[in-house]
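Since the structure comes first, as structure tokens, the remarks are kept for the end.
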Amino acid sequence: GLTIDLPSAGLLGITNATGSVITGTASLPVNSINVLSGSGTYTITLPTTSLQAGNEVVLKRTGTATITVASTTIEGSSQSITISNNQPVRCLYVNSTMGWLIT
């Protein structure tokens, strides 16, 4: 399995981060580092409750899956994004109006 052995993942700039390998549809926790694996198509959902400005979610696709990232609000509107390459994606929560900013 995946082991993220960084002091609270602080080298990635996320305090008290959790890490997991995702291979199918899932809802993600705040301040998490997620390796998206597997094949086919699936959806992950960014956190929607108890959010504070500065919460983060880091995503890294390593398999061949096409992954839809869903949330109530991404960059100010109701939309989703699709990850179909292996570039890392950092999602930063701004506020209830802007929602998640994709960086």
Side-chain angles (χ1 to χ4, degrees):
L2 171 72
T3 300
I4 298 175
D5 189 17
L6 303 173
S8 300
L11 294 177
L12 294 172
I14 302 176
T15 303
N16 298 320
T18 59
S20 61
V21 176
I22 309 292
T23 59
T25 299
S27 294
L28 306 177
V30 296
N31 299 329
S32 61
I33 301 165
N34 304 278
V35 175
L36 310 174
S37 191
S39 59
T41 301
Y42 61 89
T43 299
I44 57 168
T45 303
L46 294 172
T48 58
T49 58
S50 301
L51 296 171
Q52 298 178 23
N55 287 152
E56 294 184 80
V57 173
V58 174
L59 310 169
K60 173 66 174 163
R61 177 180 166 262
T62 61
T64 59
T66 299
I67 302 150
T68 300
V69 179
S71 178
T72 305
T73 307
I74 296 176
E75 299 199 359
S77 66
S78 179
Q79 64 177 317
S80 61
I81 64 170
T82 301
I83 300 175
S84 58
N85 63 38
N86 291 344
Q87 295 296 318
V89 176
R90 183 177 289 240
C91 306
L92 174 68
Y93 185 76
V94 177
N95 58 34
S96 60
T97 302
M98 179 62 73
W100 291 94
L101 180 65
I102 308 302
T103 62

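These numbers were taken from a predicted model, which means no experiment stands behind them. The residues of the chain are indexed from 1 along the displayed sequence.
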request  = Return the minimal non-hydrogen interatomic distance between Val57 and Pro29, and the atom names on each side.
outcome  = CG2-O, 3.7 Å

note = The reported gap from CG in Asn34 to CG in Leu28 (rounded to nearest 0.5 angstrom) is 4.5 Å

ask   = Is the backbone N or O of Ile102 less than 3.5 Å from a side-chain atom of Glu75, with the two atoms forming a donor-acceptor pair by type?
value = yes

ask   = Hydrophobic clusters join Ile, Leu, Val, Met, Phe, Trp and Tyr when side-chain heavy atoms are under 4.5 Å apart, directly or via other members; which others share one with Met98?
value = Val94, Leu101

Hey, could you give me each pair passing ring pair (Phe, Tyr, Trp, His ring centres under 6.0 Å) that has a residue in [range]? Not counting sequence neighbours.
{"range": "residues 43-88", "result": "none"}
{"range": "residues 55-103", "result": "Tyr93-Trp100"}
{"range": "residues 72-92", "result": "none"}
{"range": "residues 28-80", "result": "none"}

inquiry  = Under the rule for side chain to side chain contact (heavy atoms under 4.5 Å, CB included), what residues qualify as partners of Thr23, not counting sequence neighbours?
reply    =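 Thr23 satisfies side chain to side chain contact (heavy atoms under 4.5 Å, CB included) with Val21, Ser37 only.
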
inquiry  = Quick check: is Leu92 connected to Ile44 through a chain of hydrophobic side chains (ILVMFWY, heavy atoms under 4.5 Å apart)?
reply    = no

query = Quick one: does Ile67's side chain get under 4.5 Å of Leu59's, heavy atoms only?
reply =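 In short, these two side chains do not touch, never coming nearer than 4.5 Å.
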
inquiry  = Under the side-chain contact (heavy atoms from CB on, under 4.5 Å) test against Cys91, which residue among Val30, Leu46, Thr103 passes?
reply    =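 Running side-chain contact (heavy atoms from CB on, under 4.5 Å) over Val30, Leu46, Thr103 with Cys91 returns exactly one hit, Leu46.
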
Solution key, residues 77-84 side-chain donor-acceptor pairs under 3.5 Å, sequence neighbours excluded:
residue	atom	partner	partner atom	Å
Ser77	OG	Gln79	NE2	3.2
Gln79	NE2	Ile74	O	2.7

inquiry  = side-chain contact (heavy atoms from CB on, under 4.5 Å), that's the test. Do Val89 and Val69 meet it? Break it down for me.
reply    = CA-CA 10 Å; Val89 176; Val69 179; over 6 Å; no

Sequence neighbours excluded - side-chain hydrogen bond (donor to acceptor under 3.5 Å, both in side chains) pairs with any residue from residues 60-70 =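 Sorted pair list: Arg61-Asn86.
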
Pairwise side-chain hydrogen bond (donor to acceptor under 3.5 Å, both in side chains) hits with a residue in residues 43-55, at least two apart =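 Applying side-chain hydrogen bond (donor to acceptor under 3.5 Å, both in side chains) to every pair that reaches into residues 43-55, excluding sequence neighbours, yields nothing.
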
